[in-house]
Amino acid sequence: KNQVEQSPQSLIILEGKNCTLQCNYTVSPFSNLRWYKQDTGRGPVSLTIMTFSENTKSNGRYTATLDADTKQSSLHITASQLSDSASYICVVSAGNTGKLIFGQGTTLQVKP
Amino acid sequence: DTGVSQDPRHKITKRGQNVTFRCDPISEHNRLYWYRQTLGQGPEFLTYFQNEAQLEKSRLLSDRFSAERPKGSFSTLEIQRTEQGDSAMYLCASRLPSAGNEQFFGPGTRLTVL
């Protein structure tokens with residue numbers, strides 16, 4: 001069964017601190033993996049996308065890693081800001097249909 | 001703003017009523033997806049279209065749900081005889097097949113069934 005699991009479920013950090021979110025997946029065939037940021041009451045917005053051959057991808061203060069052998073990914077947020085408070089969703093694309101398998105998300109709260 | 005719009009943004013209805021949501025994708029995107037998201041969960045796939053053809057439907061899409069994309073542009077999702085369990089955020093996304101499978105999401109329609 002295609003599954004994407006994320007940890008932790010929720011996280012609270014102080015402004016300016018770094019954090020790392022984890023994603024494990026069992027999706028076949030694997031096409032790509034992406035991280036989305038979803039603000040409360042809004043649709044998800046793509047942060048990074050990685051194919052099988054890519055190990056790391058950065059987007060400003062966001063850095064995603066992918067280990068296709070262990071089927072794990074992480075999203076590292078550097079020097080967090082209050083605006084980083086959101087849900088971060090790991091999504092794996094399966095096959096050629098573009099159908100996305102979503103994790104349940106990690107809710108991040110950045111406090112001043 | 002991703003370029004995908006959804007209407008309405010919020011809908012409150014009484015159990016048993018019918019509701020219809022609309023999604024306007026990015027104009028040149030030929031694939032359109034519908035998802036449902038409940039609180040604290042990631043989105044779940046419902047169905048998708050390539051142009052006007054509905055190519056796949058999830059088992060989550062019961063007989064009370066119907067989606068259309070009559071001219072291959074905007075799409076509608078109708079829920080008949082709504083139940084309280086239908087309360088969720090309904091998300092629409094669109095993409096071009098050649099664009100690395102990147103899906104662009106709309107802001108969603110939040111449905112509350114009383």
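Chain letters run A, B, ... following the sequence lines, proteins first, then strands; residues in each count from 1.
- Under a cut-off of 6.0 angstrom, the local environment of CG in L39(B) is sparse, with at most 12 non-hydrogen atoms contributed by other residues, nucleotides or ligands.
- Note: Q41(B) CD to S87(A) OG = 10.0 Å, rounded to the nearest 0.5 Å.
- Residue L60(B) qualifies as enclosed at atom CG: its count of foreign heavy atoms under 6.0 Å is above 12.
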Go through the steps for L100(A) and Y35(B) under the test side chain to side chain contact (heavy atoms under 4.5 Å, CB included), then give the verdict. CA-CA 10 Å; L100(A) 304 182; Y35(B) 297 89; 3.8 Å; yes
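- Of all the heavy atoms in Y36(A) and Q103(B), the pair that sits closest is OH-O, 3.1 Å.
- Under a hydrophobic-cluster definition in which Ile, Leu, Val, Met, Phe, Trp and Tyr are linked whenever side-chain heavy atoms come within less than 4.5 Å, directly or via other members, L77(B) and I26(B) are assigned to different clusters.
- To the nearest 0.5 angstrom, E44(B) atom CD is 11.5 Å from Q104(A) atom CD.
- Nearest heavy-atom pair, S46(A) versus E102(B), reported as atom, atom and distance to 0.1 Å: CB-OE2, 3.1 Å.
- Counting non-hydrogen atoms of other residues, nucleotides and ligands closer than 6.0 Å to CD of Q81(A) gives a total above 12.
- Between atom CZ of residue F105(B) and atom CD of residue Q38(A) there is a gap of 8.5 Å, rounded to the nearest 0.5 Å.
- Atom CG of D67(A) is surrounded by more than 12 heavy atoms from other residues, nucleotides or ligands within 6.0 Å.
- Between F104(B) and V45(A) there is no side-chain heavy-atom pair separated by less than 4.5 Å.
- Residue Q50(B) does not touch chain A at all, counting heavy-atom pairs closer than 4.5 Å.
- Residue E28(B) qualifies as enclosed at atom CD: its count of foreign heavy atoms under 6.0 Å is above 12.
- Interatomic distance, N2(A) CG to F45(B) CZ, rounded to the nearest 0.5 Å: 12.5 Å.
- Applying the salt bridge (Lys or Arg N to Asp or Glu O under 4.0 Å) test to every pair with at least one member in residues 7-23 of chain B, sequence neighbours left out, gives these pairs: R22(B)-D24(B).
- Under the 4.5 Å side-chain criterion, counting only non-hydrogen atoms from C-beta, I89(A) is in contact with P43(B).
- Within the 4.5 Å cutoff, the side chain of L91(B) has heavy atoms near those of the P44(A) side chain.
- V19(B) and L46(B) fall within a single hydrophobic cluster, where Ile, Leu, Val, Met, Phe, Trp and Tyr are joined by side-chain heavy atoms under 4.5 Å apart, directly or via other members.
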